[in-house]
Amino acid sequence: MPRTGQQYLESLQDNRNVYIDGERVDNVTTHSAFKGISQTVARMYDVVNDEPELMTYETEDGTRANKIYMIPRSREDLESRRKAITRWTEETYGLVGRSPDHVAGFFAGFASNPDVFARGGEQYKENLLNFYKYARDNDKFLSYVIIPPQIDRSKTASELDNEFLATGVYEEREDGIIIRGSQMLGTSAAVSDYMFVSCITPLKEGDEKYALSFVVPMRAQGLKLYARPGYAMGKPSTFDYPLSTNFDETDALVVFDDVFIPWEHVFVYKNIELTKAQFFETPAHVLGNNQSQTRFVTKVKFAIGLAKKITEMNGTDKIPPVQGRLGDLASLAGTVEGFLLSSEYECYINEQGVAVPNPRFLYGIMGLQSTLYTDVLHIVRELAGGGVLQVPSTYKEFVNPETKDDMQKYIKTSNEDVTSEDKVKLFKLAWDLIGTEFGGRHQQYEMFYAGAPHVAKGHAYRNYGYQETVEMVEKCLSSYSIPELEKQN
Ligand SMILES: Cc1cc2nc3c(=O)[nH]c(=O)nc-3n(C[C@H](O)[C@H](O)[C@H](O)COP(=O)(O)OP(=O)(O)OC[C@H]3O[C@@H](n4cnc5c(N)ncnc54)[C@H](O)[C@@H]3O)c2cc1C
């Protein structure tokens, strides 16, 4: 059953080990770095309860669950899943990348082809299916860490100068395994229920002890998160930093200080081939990233809405070159949405009867994303001019009797209906998307969330399907030859 926001918030108070600013966090739901994001996620869960028709589905077992766990069987299922995910992004404006729907998509993909896991032993298939059903039926929030720490990218885990810098099996016991090491970055991990741990980067012979996939509850003993600076911390108000205070999902270095994982939570064990196969011989990678693209559509639309309102407020929207730049934004947004809808429309049904978004279009847009989002931000910056800085340091200048009249008099637009407060509010919102630490991190996120840009382009390369294009060129080439030869023929 889908759970309520309140149930979610209660589940986070489990004594997990999260460190920030040199201290252990007592309770993530009240700490200033994590309170905003936990409230946002709680709201998302409430939406599921408030709008069950849109947000839930009947599972294969006859239960009702959050649609994020759906295994799509038709184009209509994909559409219905997209609409539910889009509804969730309306709560976040596409600014929470690792909301619960992201990793849930991976698990729906895993569960749709559990035989891949059975190749390592029948028990791993059972473990995977049992956990999928548990997470689905209890509406669990899964985050993931699937990238080893950034130490020396020319080496794999076993070649690093310490055996347990990357996450590996330290000890095997009858009831489970002991995990030691670290993973690069867990987004949203601090406010999730379980973390999925694996390795999506290539491994080679000798790396077997790192070739794993398992889940771990965030409260597990020995599991530690070291969060980067919290962008919500120390902010004077939501008026001043509307996005940082609500949507900072936080990222954290993850350390496994001899964490016990029972066998039933292990899905791939010391198997290099299956560590890769779980992502790419099931639709997991495609379904997870289809969620990402659905979210990205909303985010780009939000950026465009900001640009449009800014130009209206500044009276520049009637100027043809400005309209041209808004047109550039429209083209970029249309490209992202068009790719998403094409991947859905051109989906195919795989051997397991799963509707898989067409990888040509899914990875096509992901290959462009690192530059496309940068282009979007650049145009918003260009259209905003210095207005994003012609704002008071905080809302307090609007309150202080000594300063408030100057605010009203000098920060304005030619539209009588727009107050100085309205103008500052809009420009502070824009700055939070394009200029603050929160905004900078989002640019980094879109460039790296699915791997470095060269990795995303590699997916686009492998999934385009060049045959039809090459055949077209060959047909053209064979339709003419050297004139002398043509005469002889
Ligand atoms: C905001 C954010 C959130 C993230 N959240 C998560 C998360 O929730 N879970 C998770 O598992 N991971 C997460 N990541 C990590 C992400 O998956 C990695 O950043 C990504 O896989 C790239 O690894 P890297 O950052 O070590 O970059 P590197 O692999 O070190 O690459 C950095 C740059 O080096 C160059 N380079 C490196 N190797 C090559 C090569 N072979 N060929 C050409 N150029 C190369 C490229 O210029 C590349 O852009 C997150 C990252 C960011 C930025």
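The residues of the chain are indexed from 1 along the displayed sequence. For clarity, every value in this text was computed on a predicted model and none was experimentally measured. One-based numbering, in listed order, for ligands and for the atoms of each.
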Sub-4.0 Å atoms of ligand 1 with respect to non-hydrogen atoms of [X]:
X	answer
Asp251	3 (C)
Thr187	3 (C), 4 (C), 5 (N), 6 (C), 7 (C), 8 (O)
Val145	11 (O)
Tyr144	7 (C), 8 (O), 9 (N), 10 (C), 11 (O)
Arg441	1 (C)

When you check the gap from the basic side-chain N to the acidic O, do [X] and [Y] get nearer than 4.0 Å?
X	Y	answer
Lys276	Glu281	no
Glu163	Arg180	no
Asp251	Arg441	yes

Option nearest atom 26 (O) of ligand 1 (shortest heavy-atom distance, choices Arg153, His442, Gln444)
Arg153
Who's closest to atom 18 (C) of ligand 1 heavy-atom-wise, of Tyr445, Phe448, Tyr449?
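Looking at heavy atoms only, the winner is Phe448.
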Measure [X] to ligand 1 on non-hydrogen atoms and call it side chain, backbone, both or neither using the 4.0 Å cut-off.
X	result
Arg98	side chain
Pro453	side chain
Met447	neither

Nearest protein heavy atom to atom 27 (O) of ligand 1, by residue and atom, and its distance?
Gln150 NE2, 3.6 Å
Among all protein heavy atoms, pick out the one at the shortest distance from atom 21 (O) of ligand 1; state its residue, atom name and that distance to 0.1 Å.
Ile147 CD1, 3.4 Å
Under the ring-ring contact (aromatic ring centres under 6.0 Å, His included) test, which residues partner Phe34, sequence neighbours left out?
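Phe34 satisfies ring-ring contact (aromatic ring centres under 6.0 Å, His included) with His31 only.
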Run the ring pair (Phe, Tyr, Trp, His ring centres under 6.0 Å) check on His378 and Tyr373 step by step: do they pass?
CA-CA 9 Å; His378 182 75; Tyr373 187 61; over 10 Å; no
Parallel, tilted or perpendicular, judged at 30° and 60°: which one describes the rings of Phe256 and Phe214?
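Ring orientation, 0 to 90° scale: perpendicular.
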Proximity of Trp431 and Tyr241 rings by center, below 6.0 Å
no
Side-chain heavy-atom pair Lys67, Thr56 within 4.5 angstrom cut-off
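Counting from C-beta outward, Lys67 and Thr56 never come under 4.5 Å.
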